[in-house]
Number of protein chains: 2
Amino acid sequence: MADKKLILRFTNHPGYNLRMATNSAMSQLTGILAESGLRIVEATILIVVYDNRGCRQSQIGKVLNISSANMTPLITRLEERGIIRREAADGRSNALHLTDQGEKIVATAARRMADFEAGLIARVPSHLRKPFLEALRHLSGVSE
Amino acid sequence: MADKKLILRFTNHPGYNLRMATNSAMSQLTGILAESGLRIVEATILIVVYDNRGCRQSQIGKVLNISSANMTPLITRLEERGIIRREAADGRSNALHLTDQGEKIVATAARRMADFEAGLIARVPSHLRKPFLEALRHLSGVSE
DNA sequence: GCAAATAGCTATTGAGCATAGCAATTAAAT
DNA sequence: ATTTAATTGCTATGCTCAATAGCTATTTGC
């Protein structure tokens, strides 16, 4: 019994494989971004700021599905580390900008992230890539 | 600025979509399994026990990638709730069995989970399903 | 002017996962 | 047979991420 192989009914289920694939990919990405001293959420936020200078903290929360309560400590930490700068846009909004140091860090992190994405899709046989991405979009809600 | 749409470079990246898709699917599944009073990990463990009566705690940890340190409180909690029963197999191994009550709970949870998986794949257009699952297996490491 | 919505903040919680270290038992090596 | 190594399970602890409740201040719409 102790050495018999277990029956795993999940192995063909989409949800289970989705979870496994994400776990594997995300732990890999965590390691890659650690070289930039960033966590996945942090890098994701920073790249949005990089592509949208002066955008509002609340806007980022909306597109990335992060509540304002969780945004606050994230941005605070990035500010304390001198990567990002909050700038009062009106009395209640913060416009976000990268510091000079932040620019460099994000440029590197973005390159690493792009390499990761390329490596990820490379693991899928080329003829499956297009249908795979299209199917994913149906499940992630991006296409809706 | 505050109302301009943000540029999101991730929307076509496999890793990002993978994460989004998993988030959406897993929070749905969390809700479904809550009706059985179970969390996803718990239901997954229980179904493995259901299909492999008397299997070892350590075996489950291996196939599901759960460390023994994390298995302990999980199994303890299921035992305290009268769903599972630990049985010393040798001096260091626990063989796991479902209680009568556990049988019923797991049967229901397994049905709910199967329904969820069916609903999930139904969201993918039928012609994309096969390549999607095959691609997923490449990323989840199941096919390796 | 006043009510409602928006934006951000604090504090706290829970799930999930990882690590370090410990004790006991079993298996392997000489 | 005795020592060594590997395994099984356990406690304790910490981290990340997400969720919630409740708060203040500001802005907007009627």
Side-chain angles (χ1 to χ4, degrees), chain A residues 1-3 6 16 18-20 22-34 36-45 54-80 84-96, chain B residues 1-3 6 16 19-20 22-34 37-45 54-80 84-96:
Chain A
M1 177 82 238
D3 51 348
L6 297 187
Y16 183 75
L18 206 52
R19 196 146 61 98
M20 294 298 102
T22 301
N23 279 352
S24 142
M26 289 308 124
S27 66
Q28 194 199 336
L29 182 56
T30 299
I32 289 170
L33 290 176
S36 291
L38 297 172
R39 297 174 299 176
I40 295 180
V41 218
E42 293 172 334
T44 309
I45 290 172
C55 68
R56 304 298 141 84
Q57 187 172 320
S58 58
Q59 286 183 296
I60 296 186
K62 265 173 206 140
V63 296
L64 297 182
N65 271 308
I66 305 174
S67 73
S68 69
N70 291 330
M71 280 299 286
T72 302
L74 281 168
I75 301 299
T76 300
R77 186 149 178 277
L78 291 171
E79 197 174 34
E80 284 169 353
I84 227 174
R85 190 165 42 81
R86 276 193 255 232
E87 192 175 86
D90 56 40
R92 56 187 169 166
S93 301
N94 289 332
L96 300 183
Chain B
M1 178 83 239
D3 50 348
L6 297 187
Y16 183 76
R19 196 146 62 98
M20 293 299 103
T22 302
N23 278 352
S24 142
M26 288 309 122
S27 68
Q28 194 198 338
L29 181 56
T30 298
I32 290 170
L33 291 176
L38 297 173
R39 296 175 300 176
I40 295 179
V41 218
E42 293 173 333
T44 309
I45 291 172
C55 68
R56 304 298 140 83
Q57 187 172 320
S58 58
Q59 286 183 295
I60 295 186
K62 265 173 208 142
V63 297
L64 297 182
N65 271 307
I66 306 173
S67 73
S68 69
N70 291 328
M71 279 299 285
T72 302
L74 280 168
I75 301 298
T76 299
R77 186 149 179 277
L78 292 171
E79 197 175 33
E80 284 169 353
I84 228 175
R85 190 165 42 82
R86 275 194 255 232
E87 193 176 86
D90 56 38
R92 56 188 169 167
S93 301
N94 289 333
L96 301 182

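These figures come from a predicted structure and were not determined experimentally.
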Would B:L29 and A:R19 count as a side-chain contact (heavy atoms from CB on, under 4.5 Å) here? Give the steps.
CA-CA 11 Å; B:L29 181 56; A:R19 196 146 61 98; 5.7 Å; no

Contact string for nucleotides 15-21 of chain D, one letter per nucleotide 5' to 3', B = base within protein heavy-atom range under 4.0 Å, S = sugar-phosphate only, - = neither, reads -SSBBBB

Taken to the nearest whole Å, CE/B:M71 to P/C:dA18 is 14 Å

Atom CD of B:Q57 and atom P of C:dT25 are separated, to the nearest Å, by 16 Å

Are A:I66 and A:V41 side-chain neighbours, meaning at least one heavy-atom pair lies under 4.5 Å?
yes

Exactly one candidate in B:I40, B:L38, B:L74 meets side-chain contact (heavy atoms from CB on, under 4.5 Å) with B:I45; the answer is B:L74

Students should find that the end-to-end axis angle of the helix from C:dG1-D:dC30 to C:dT30-D:dA1, with five pairs defining each axis and rounding to 10 degrees, is 30°

What one should report as the nearest heavy-atom pair of B:Y16 and A:V63 is OH-O, 4.0 Å

dist B:R56:CZ -> B:M71:CE (nearest 0.5 Å) comes out at 13.0 Å

Numerically ordered, the residues 86-95 of chain A set in heavy-atom contact under 4.0 Å with DNA chain C is A:R86, A:R92, A:S93, A:N94

CG (A:L33) and CD (A:E42) are apart, to the nearest 0.5 Å, by 9.5 Å

In whole angstroms, the gap separating P of D:dG9 from CD1 of B:I84 amounts to 12 Å

To the nearest 0.5 Å, atom CD of A:Q57 lies from atom CZ of A:R92 at 13.5 Å

(Q) OP1 or OP2 of C:dG8 versus the side-chain N and O atoms of A:S68: is any pair under 4.0 Å? (A) no

Output for pair (A:T44 OG1, A:R39 CZ), nearest 0.5 Å, gives 11.0 Å

A:I45 atom CD1 is separated from C:dG8 atom P, nearest whole Å, by 12 Å

Quick one: are A:I75 and A:N94 in side-chain contact, heavy atoms under 4.5 Å? no

Output for pair (B:I60 CD1, A:L6 CG), nearest 0.5 Å, gives 7.0 Å

Q) Does D:dT8 have OP1 or OP2 sitting under 4.0 Å from an N or O in the side chain of B:K62? A) yes

Taken to the nearest whole Å, CZ/A:R56 to P/C:dA5 is 22 Å

Practice prompt. Could you check whether A:S58 gets within reach of a base, just the sugar-phosphate, or nothing at all, counting any heavy atom under 4.0 Å?
Written response: sugar-phosphate

Working for side-chain contact (heavy atoms from CB on, under 4.5 Å), residues A:L96 and A:R86: CA-CA 5 Å; A:L96 300 183; A:R86 276 193 255 232; 3.7 Å; yes

